[in-house]
Novice: 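Supplied in structure tokens, the structure appears directly below.
None of these values were measured; they are calculated from a predicted model.
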Amino acid sequence: MKKILILEDNQSTLQHLAGIVQKADTRCEVIALHRMKDAYQCALEREIDLFIIDIILDTRRPGDSSGLRFVDSIRKIDKYAFTPVLFVTSLEDARFYAYEKLHCYHFVEKPFDAEKVKRMVEHCLKFPGHQESDKTLYFRKDGIVLAVDRSEIVYAECENHTMYIHTSRSDVLAIPYLTLKRLLDEADSPDMIQCSRNTMINKKFIHNVDITNRMIQLRNNYGRVEIGLMYKKLLREIFK
């Protein structure tokens, strides 16, 4: 599921724009935020496919262009170097900087033309972006952002409200209150398979699958993972 982050300081404008964007592709997750610090934290922790950013985020400041500064900051994060950006604006004089320096795709002008916004969103979501390469997952724990490359995840299991992510580097990340559903959504890969109510595996690390005895043997001495009763049929279909 692709994710679209909208940053707009006006709440009514934010909700109106979010509604238009959601109609462009109902399969996408629209994250609507009005504070820059929340948007930046979200961009660190999640994988955003399209940013829609209001250039003026503080109307109390004459000549404000904090939306440009926000995009300038996220461009310094490797995974967002070429992620498409739509700027919400009615300013003409900000365009040259935005196009030339920030790789902006286009501008969403107020008042919104709903059909035009939908077309732009649909076009941006067709960009290859970071989805074509390996991605890094970001999780917050005790105020610290932890990162793990998707390709390094061997398997993950949830126990006592904590997700234990086992990696090919032989370390284990313990992330409290991370659900398996969210982890699968973040990984967004057909290689990641849920094999029980609390466990998922990376297909690339499977050595063999024993459906009869409900057991998956992993490569390189990474151990074994049990197949849940409700998941036998699913895995039989995948590995037939």
Side-chain angles (χ1 to χ4, degrees), residues 1-133 135 138 182 185-186 188-189:
M1 178 183 291
K2 292 198 172 185
K3 300 172 182 62
I4 302 171
L5 189 152
I6 304 175
L7 176 58
E8 160 66 61
D9 66 310
N10 184 287
Q11 290 279 13
S12 60
T13 302
L14 177 64
Q15 296 307 316
H16 176 53
L17 183 55
I20 294 173
V21 172
Q22 189 69 74
K23 290 178 182 177
D25 190 335
T26 56
R27 297 166 298 177
C28 288
E29 178 183 356
V30 178
I31 305 164
L33 300 170
H34 71 278
R35 296 197 304 176
M36 190 158 60
K37 67 175 185 178
D38 294 336
Y40 188 77
Q41 188 65 48
C42 179
L44 285 178
E45 295 178 354
R46 310 191 71 179
E47 199 83 16
I48 306 302
D49 299 278
L50 169 63
F51 291 94
I52 302 178
I53 308 298
D54 188 10
I55 287 180
I56 301 174
L57 293 171
D58 188 351
T59 55
R60 297 169 299 179
R61 296 174 55 187
D64 177 67
S65 59
S66 47
L68 294 176
R69 294 199 306 275
F70 172 80
V71 175
D72 199 19
S73 66
I74 64 171
R75 287 296 189 210
K76 295 174 183 177
I77 304 172
D78 287 344
K79 64 178 178 175
Y80 296 129
F82 300 102
T83 300
V85 174
L86 295 175
F87 278 113
V88 178
T89 183
S90 55
L91 293 177
E92 296 292 334
D93 57 357
R95 295 190 174 206
F96 178 79
Y97 175 80
Y99 271 113
E100 296 298 320
K101 303 297 183 183
L102 300 178
H103 309 295
C104 170
Y105 167 69
H106 218 299
F107 287 82
V108 179
E109 296 183 353
K110 302 174 184 177
F112 302 128
D113 180 332
E115 291 304 315
K116 184 178 179 181
V117 172
K118 289 179 188 177
R119 288 195 300 271
M120 286 190 289
V121 169
E122 289 166 356
H123 191 274
C124 286
L125 292 177
K126 292 177 182 177
F127 287 8
H130 52 259
Q131 295 290 340
E132 298 302 315
S133 59
K135 64 187 287 189
Y138 298 87
R182 183 189 161 193
D185 287 344
E186 291 294 316
D188 191 20
S189 169

Novice: Nearest heavy-atom pair of R61 and R69: which atoms, and what distance?
Specialist: NH1-NH2, 3.5 Å
Novice: For K3 and I31, work out which heavy atoms get closest and say how close.
Specialist: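 Heavy-atom minimum between the residues: CB-CD1, 4.4 Å.
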Novice: Could you state the interatomic distance from NZ (K135) to CD (E47), rounded to the nearest 0.5 Å?
Specialist: 4.5 Å
Novice: Walk me through whether E29 and D185 qualify under side chain to side chain contact (heavy atoms under 4.5 Å, CB included).
Specialist: CA-CA 10 Å; E29 178 183 356; D185 287 344; over 6 Å; no
Novice: Find out whether K118 and K23 are in side-chain contact, i.e. whether some heavy atom of one side chain is under 4.5 Å from a heavy atom of the other.
Specialist: yes
Novice: Looking at every non-hydrogen atom in both residues, tell me the closest pair between P84 and C124 and how far apart they are.
Specialist: CG-O, 3.8 Å
Novice: So which heavy atom on T89 is nearest to which on F107, and how close?
Specialist: CG2-CD2, 2.9 Å
Novice: Any side-chain heavy atom of V71 within less than 4.5 Å of one from Y80?
Specialist: no
Novice: Is a side-chain N or O of R75 found less than 3.5 angstrom from the main chain of T83, in a donor-acceptor match?
Specialist: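 Yes; at least one donor-acceptor contact below 3.5 Å.
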Novice: Hey, could you give me the CZ/SG distance between F51 and C42, rounded to the nearest 0.5 Å?
Specialist: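 Reported value, rounded in 0.5 Å steps: 8.0 Å.
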Novice: Identify the two heavy atoms, one from V30 and one from Q22, that lie closest to each other, and give their separation to 0.1 Å.
Specialist: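 Of all heavy-atom pairs spanning V30 and Q22, the closest is CG2-OE1, 3.4 Å.
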Novice: Out of T59, D58, D64, L14, which residue meets the side-chain contact (heavy atoms from CB on, under 4.5 Å) rule with D9?
Specialist: T59
Novice: What do the steps show when you test V121 against L86 for side chain to side chain contact (heavy atoms under 4.5 Å, CB included), and what is the final call?
Specialist: CA-CA 8 Å; V121 169; L86 295 175; 4.2 Å; yes
Novice: Please check if the side chain of K79 supplies one atom and the backbone of I48 the other of a donor-acceptor pair under 3.5 Å.
Specialist: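 Between the backbone of I48 and the side chain of K79 there is no qualifying donor-acceptor contact (under 3.5 Å).
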Novice: From L50 CG over to C28 SG, what is the distance, rounded to the nearest 0.5 angstrom?
Specialist: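 Spacing of CG (L50) from SG (C28) equals 8.5 Å.
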Novice: If you round to the nearest 0.5 Å, how far is OG of S73 from CG of L68?
Specialist: 11.0 Å
Novice: Is there a side-chain contact between K110 and V88, using heavy atoms and a 4.5 Å cut-off?
Specialist: yes
Novice: Under the side chain to side chain contact (heavy atoms under 4.5 Å, CB included) rule, what do Y40 and I77 come out as? Steps first, then yes or no, please.
Specialist: CA-CA 11 Å; Y40 188 77; I77 304 172; 4.0 Å; yes
Novice: Give the minimum heavy-atom separation between L5 and A39, together with the two atoms involved.
Specialist: CD1-O, 3.7 Å
Novice: Apply side chain to side chain contact (heavy atoms under 4.5 Å, CB included) to the pair H34 and Q15, showing each step before the final yes or no.
Specialist: CA-CA 10 Å; H34 71 278; Q15 296 307 316; over 6 Å; no
Novice: Answer yes or no: is there a side-chain heavy-atom contact under 4.5 Å between D25 and K2?
Specialist: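 D25 does not reach K2 side chain to side chain.
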Novice: When rounded to the nearest 0.5 angstrom, what distance separates CG in D54 from OG1 in T13?
Specialist: 8.0 Å
Novice: With rounding to the nearest 0.5 Å, note down the distance linking CD1 in I53 to CD in E8.
Specialist: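 Reported to 0.5 Å precision, the distance equals 10.0 Å.
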